[in-house]
**Student:** 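Just dropping this structure here.
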Amino acid sequence: MIFGKLQRSVTGAAKTLRVWQVHRVRNITAYTGTSLTELPPNAAAFIKNSEEMCQPDKVHICDGSNVENRWLTEKLVAQGTLSPLKKYENCWLARTNPSDVARVESKTFICTENKDEAVVGSLGNWISPENMKTAINQRFPSCMKGRTMYVIPFSMGPVGSPLSKVGIEITDSPYVVESMRIMTRIGIDVVHQLQKNAEFVKCLHSVGRPENGIVEFPAWPCDPARTIILHKPDENFIASYGSGYGGNSLLGKKCFALRIGSTIAKREGWLAEHMLILGITNPQGEKIYVAAAFPSACGKTNLAMMTPTLPGYKIECVGDDIAWMRFDENGQLRAINPEYGFFGVAPGTSKETNPIAMQTIFKNTIFTNVASTSDGGVYWEGLEKEHSADVAITDWLGKPWTKGSSKTPAAHANSRFCTPATQCPIIDPAWEDPRGVPISAILFGGRRPKGIPLVYEARSWAHGVFIGASMRSESTAAAEHTKKVIMHDPFAMRPFFGYNFGKYLEHWLSMENRGKVPKIFHVNWFLKNKDGKFMWPGFGENSRVLDWVFRRVKGENCAKDSAIGFVPSEGALRTDGLDNLPESLDKLFDLPKDFWLQEVSEIEKYFETEIGNHLPNAVTKELTYLKERISKM
Ligand code: SAT
Ligand code: MN
């Protein structure tokens, strides 16, 4: 353990005895839930060490039962963290401390001996083992005094699947327990799995306590000033302090499934990616699965649950955020969604944009930082049509809010629903298949108002890896970035790399030697015209792009070459029934030379400063080729 035995300042026989007695009493009376003895010795030691350091009043080992869940909900209601949303079945509203509303990328660190192993350039933050130890010792000792320490054994992926991994999250936040119960598989089955295979990722979390001892929002304790999220890949260890929100505290998600996950995947020869997974069935009844990487808050949930407008097509959802992918014994790439729920952005979700999500989220759901209504419901930007005027709205901060006249948004831009995946009416029949689903195509994309066409296809695997590496997107509210700027976000993994990005690229390139690699595409639903209007309707109409992708996967000759890759040949993108595009279809495939010269020079600069001599030759070659093609345009 990095923090080793707790360095107690207590000295002298009498004090030692007292500490020992308290400890004994704690052992005998204050453990609740599953017994510690059911866990393998390394898990029990992790719990004991954390307990010694954090000094909780009680330890509760979660069994994941309904009784436990009800008990926690009551507790959360009593302390004001959750309030019931009476309009729906078993739905709850949480309001956070307004300083704790999103992931904090600037306070997220990867810890390795040498900086080079972990990060290059500004792709993440590095911390040395010594400094990580210090950071922990400055924050965690006694941080759970007066609180219960919850222990959550959880599985990322179907329990027992060869593609799944187990974690144990220790937390002092019952909100985190309830959310982890939705987002991951927790409880007794996982304990049994641990008995078979004692390997697990250690996840230590505390919402913390401000140094001055003043908890500003007792219903949402946190310590924004000292928040830190630490990952130590060589020990499969995560320590997160100070925040109760989303990816900062639900450690199975970004911390384990992506940052630690990508390092495990590198070692074991597979991929842990920030991707949704969906199944597409065409009118002939053939089915393929596609994975797609878009940055946070760029519509992964909407695409994963899309209602296709093209007749005869069916979309089914395997996951909306993370894909773990591995070649099987036949060289087929197969993916699982390691999660068990959706932690989706609420604003913008409506019957028009995502009717399937609307059918999913109104039972057994925790809403965080959305607005509430006087009839016991929720409200956010995008639900205007569904809100009747006689129902009063309270904004995410708890203040009265009036449609049309209030100047600030009713819901926080990063407000979320946390809802069980099993409730999704189009959840794929194979979504829990322990073997995973076969992946035929990978899409990359982002929010690009200018210059990037609706869809194009990579010429080869290496070209596809280059496209992933060159991804850029407008910043969103999912993290602390406040300005709307176009940011580089390679593979939509910028905030989630667990190791050196140059090495990550090499790993991606090497996949071609391991099995049959899928086709790679780049999509952009977010082109805007001169008036700032979206040029593509998006949402269900994106099925037209998926139809082209499907046909390309099946080998149809419906593409033509362009400077940046293959684009749909004349008439190949189905537009039947698509009226009133604000611009002609051609405009969606414009490749303005000036724009692309600029884009390539940005990419080149980025590779130079951020990857430097770690840049694999194969990627440099793709860049050179693209430059040549563009200069000849
Ligand atoms: O807060 S989370 O990291 O879980 C959501 C996201 O940014 O995708
Ligand atoms: Mn995400």
Side-chain angles (χ1 to χ4, degrees), residues 292 294-303 306-310 345 347-350 352-354 381-382 384-385 409 413 443-457 467 470-477 481 483-489 492 521-549 559-560 562-603 626 629-630 633:
F294 308 139
S296 299
C298 287
K300 283 201 298 299
T301 308
N302 289 341
L303 184 63
M306 180 226 274
T307 305
T309 50
L310 271 188
V345 179
T349 307
S350 69
E352 284 86 60
T353 61
N354 193 339
E381 280 56 38
E384 291 78 4
K385 281 199 200 142
L443 316 185
F444 293 125
R447 290 178 186 265
R448 297 301 303 268
K450 272 203 271 188
I452 310 288
L454 180 63
V455 59
Y456 66 100
E457 179 189 326
I467 292 172
S470 332
M471 272 169 68
R472 301 173 72 202
S473 187
E474 237 173 29
S475 52
T476 69
H481 314 289
K483 274 204 240 115
K484 241 192 186 176
V485 287
I486 304 284
M487 296 170 71
H488 287 269
D489 196 344
F521 299 82
H522 189 281
V523 298
N524 177 26
W525 323 131
F526 298 95
L527 278 167
K528 284 184 178 167
N529 67 8
K530 280 195 221 73
D531 309 328
K533 267 215 178 112
F534 283 115
M535 285 161 64
W536 178 250
F539 305 109
E541 301 294 5
N542 293 337
S543 57
R544 298 170 189 278
V545 174
L546 295 184
D547 162 74
W548 185 71
V549 166
K560 62 179 186 199
S562 84
I564 64 168
F566 300 126
V567 291
S569 49
E570 221 52 56
L573 188 79
R574 282 186 57 186
T575 51
D576 42 311
L578 182 68
D579 347 287
N580 57 39
L581 282 183
E583 306 285 338
S584 73
L585 191 70
D586 294 353
K587 284 256 185 291
L588 288 155
F589 290 94
D590 255 2
L591 297 176
K593 184 167 180 173
D594 287 355
F595 171 91
W596 274 94
L597 284 171
Q598 179 67 26
E599 183 75 3
V600 171
S601 112
E602 285 288 338
I603 295 167
L626 178 63
R629 293 288 300 258
I630 287 168
M633 257 182 357

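Everything quoted here is computed from the prediction, not taken from an experiment.
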**Student:** Taking all atoms of both residues into account, what is the closest heavy-atom pair of V345 and A413, and its distance?
**Tutor:** CG1-O, 3.7 Å

**Student:** Can you name the nearest heavy-atom pair linking A492 to P295, along with the distance?
**Tutor:** CB-N, 3.5 Å

**Student:** Considering residues at least two apart in sequence or located in another chain, which fulfil the side-chain hydrogen bond (donor to acceptor under 3.5 Å, both in side chains) criterion with N529?
**Tutor:**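 For N529 the side-chain hydrogen bond (donor to acceptor under 3.5 Å, both in side chains) partners, ignoring immediate neighbours, are E583.
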
**Student:** Return the set of residues passing side-chain hydrogen bond (donor to acceptor under 3.5 Å, both in side chains) with T349 (not counting sequence neighbours), or none when no residue passes.
**Tutor:**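 Partners of T349 by the side-chain hydrogen bond (donor to acceptor under 3.5 Å, both in side chains) criterion come out as none, since no residue qualifies.
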
**Student:** Please report the C-alpha distance between V455 and F589 in whole Å, then the side-chain angles of each, then the deciding distance to 0.1 Å, and finally whether the side-chain contact (heavy atoms from CB on, under 4.5 Å) criterion is met.
**Tutor:** CA-CA 8 Å; V455 59; F589 290 94; 3.9 Å; yes

**Student:** With sequence neighbours left out, what residues match E541 under side-chain hydrogen bond (donor to acceptor under 3.5 Å, both in side chains)?
**Tutor:**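 E541 satisfies side-chain hydrogen bond (donor to acceptor under 3.5 Å, both in side chains) with T309, R544 only.
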
**Student:** Testing the basics here: between A292 and K300, what is the closest heavy-atom pair and its distance to 0.1 Å?
**Tutor:**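 Result for this residue pair: O-CD, 3.9 Å.
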
**Student:** Can you name the salt bridge (charged side-chain N to carboxylate O under 4.0 Å, His left out) partners of K587, sequence neighbours left out?
**Tutor:**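 K587: no salt bridge (charged side-chain N to carboxylate O under 4.0 Å, His left out) contacts found.
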
**Student:** S350: what forms a side chain to side chain contact (heavy atoms under 4.5 Å, CB included) with it, not counting sequence neighbours?
**Tutor:** E352, T353, L383, E386

**Student:** Sort and list the pairs that fulfil salt bridge (Lys or Arg N to Asp or Glu O under 4.0 Å) and have at least one residue in residues 524-540, not counting sequence neighbours.
**Tutor:** none

**Student:** Side chain of W596, backbone of G451: donor and acceptor closer than 3.5 Å?
**Tutor:** yes

**Student:** For N524 and G446, work out which heavy atoms get closest and say how close.
**Tutor:** OD1-O, 3.3 Å

**Student:** To check you understand the geometry: which heavy-atom pair defines the closest contact between L527 and L454, and what is its length?
**Tutor:** CD1-N, 4.2 Å

**Student:** Tell me every residue that passes side chain to side chain contact (heavy atoms under 4.5 Å, CB included) with S296, counting only those two or more places apart in sequence or in another chain.
**Tutor:**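 Partners of S296 under the side chain to side chain contact (heavy atoms under 4.5 Å, CB included) test: R103, K254, H274, A478, F496.
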
**Student:** Restricting to salt bridge (charged side-chain N to carboxylate O under 4.0 Å, His left out), what partner residues turn up for E384, sequence neighbours left out?
**Tutor:**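 E384: no salt bridge (charged side-chain N to carboxylate O under 4.0 Å, His left out) contacts found.
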
**Student:** Residues two or more places apart in sequence or in another chain: which of them pass side chain to side chain contact (heavy atoms under 4.5 Å, CB included) with L581?
**Tutor:**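 Partners of L581 under the side chain to side chain contact (heavy atoms under 4.5 Å, CB included) test: W536, P537, L578, L585, L588.
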
**Student:** Among all residues two or more places apart in sequence or in another chain, which pass the salt bridge (charged side-chain N to carboxylate O under 4.0 Å, His left out) test with E599?
**Tutor:** R448, R472

**Student:** Under the side chain to side chain donor-acceptor pair (under 3.5 Å) rule, what pairs show up with a residue in residues 568-580, not counting sequence neighbours?
**Tutor:**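 Listed by first then second residue: R574-D576.
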
**Student:** Among all residues two or more places apart in sequence or in another chain, which pass the side-chain hydrogen bond (donor to acceptor under 3.5 Å, both in side chains) test with W548?
**Tutor:**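 For W548 there are no side-chain hydrogen bond (donor to acceptor under 3.5 Å, both in side chains) partners, ignoring immediate neighbours.
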
**Student:** For F526 and F534, take the angle between the two ring planes, folded into 0 to 90°, and tell me which bin it lands in: parallel under 30, tilted 30 to 60, perpendicular over 60.
**Tutor:**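 It falls in the perpendicular class, over 60°.
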
